[in-house]
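When a residue number appears, it is its place in the shown sequence, counting from 1.
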Amino acid sequence: MKKLALMIGIVAASNAFAVTYNDAVGDVNMPGGYFANQDITSVDVTHTIGTITFRINLNADIVATNWGKYGLMIDSMPGGDVTTGNPWARAVSMPSGMDFWVGSWVDQAPTGFNQLFAYSGGSWGPAQQSANVIPVNNAVQYTYTWAQLGLTWGSTFCFDAWSSGGNGGDAAWDLLSKSVVNDSNNDGQTFWTEATESNSQLRYTIPVPEPGSFLALGLGALALLRRKK
């Protein structure tokens, strides 16, 4: 049994991946100045067999300055919402079609909470709510199963991370996909509710494992069964 567990561990480790997506620092220009707790610096995406984790890194202590809202837009299947009619009524859209929306807040110690919504049949479903993990004071992290996001071996999905304020209708004040200040009115700053459009060109793939990985696991299980006989 120990050998089988070791083989499972080796296969899982060999199929664990991590990608960092960087964003420009200082690309948040709102009325009143620069808000570092809204400034996304990077997002780390990792997966293991069956789970995927997103960690949004910010340029300030988001626990000490805890009025920010953070989340994800994910396009993992055909269709999806192309409007700004997301579950939180934020002025942000994903032209490729958003299938999943994550929204979170960090002002509820000790962890804050996140909500995961799925788009189906022309409407957004009820939230799956769970506690956030804030591993350090300048990051918020979410872990979901593949099934929750419609993923499997070989899946490639588009995504974006966003930051926003505490009022309904606030825009995405910073997007991971954009390294310039969002300024659709070309007035030198972004208004609180100025509509934002995701570039949605950020992609992540869960690669299909090498056949040898599953073969090794199968042979290990077969050998274990034979030993027990």
Side-chain H-bond candidate by donor/acceptor type, [X] with [Y], under 3.5 Å:
X    : Y    : answer
T48  : T51  : yes
Y142 : S104 : yes
T41  : N57  : no
N114 : Y70  : no
T156 : R203 : no
Q128 : Q115 : no
S198 : D160 : yes
D107 : N66  : no

Joint cluster assignment, [X] & [Y], ILVMFWY side-chain distance < 4.5 Å:
X    : Y    : result
V136 : I56  : no
V133 : Y144 : no
V19  : I206 : yes

- Shortest non-hydrogen pair, G150 vs F100, comes out as N-CZ, 4.0 Å
- Query: Which atom pair, heavy atoms only, marks the closest approach of I40 to D174?
  - Reply: N-OD2, 2.7 Å
Supply the atom-to-atom distance [X] [atom1] to [Y] [atom2], rounded to the nearest 0.5 angstrom.
X    : Y    : atom1 : atom2 : answer
S93  : D81  : OG    : CG    : 9.0 Å
Q201 : L176 : CD    : CG    : 12.5 Å
L58  : N137 : CG    : CG    : 11.0 Å
T65  : N138 : OG1   : CG    : 11.5 Å
L202 : C158 : CG    : SG    : 8.0 Å

- Message: Could you work out, with side chain to side chain contact (heavy atoms under 4.5 Å, CB included) as the rule, every residue matching T193, not counting sequence neighbours?
- Response: D170, F191
Are any non-hydrogen side-chain atoms of [X] and [Y] less than 4.5 angstrom apart?
X    : Y    : result
T53  : H47  : no
D23  : S179 : yes
V106 : V63  : no
K69  : S163 : no
R55  : P135 : yes
W153 : I49  : yes
N167 : W67  : no

- Message: Before you tell me yes or no, could you show the steps for V43 and T20 under side chain to side chain contact (heavy atoms under 4.5 Å, CB included), namely the whole-Å CA-CA distance, both residues' side-chain angles and the distance that decides it to 0.1 Å?
- Response: CA-CA 6 Å; V43 172; T20 296; over 6 Å; no
- Query: Would you call the rings of W192 and W173 parallel, tilted or perpendicular if under 30° counts as parallel and over 60° as perpendicular?
  - Reply: tilted
- List, by chain and then residue number, the residues other than W124 in its hydrophobic cluster (Ile/Leu/Val/Met/Phe/Trp/Tyr, side-chain heavy atoms under 4.5 Å); write none if there are no others. M73, W88, V92, M94, M98, W101, W105, F113, F117, Y119, W162, L175
- Please identify each residue that fulfils ring-ring contact (aromatic ring centres under 6.0 Å, His included) with Y21, with sequence neighbours left out. F159
- Task: Give the intermediate values and the outcome of side chain to side chain contact (heavy atoms under 4.5 Å, CB included) for residues I74 and F54.
- Result: CA-CA 11 Å; I74 297 172; F54 302 83; 4.1 Å; yes
- Message: Taking A18's backbone N and O only, do any of them form a donor-acceptor pair with T46's side chain (distance below 3.5 Å, no angle check)?
- Response: no
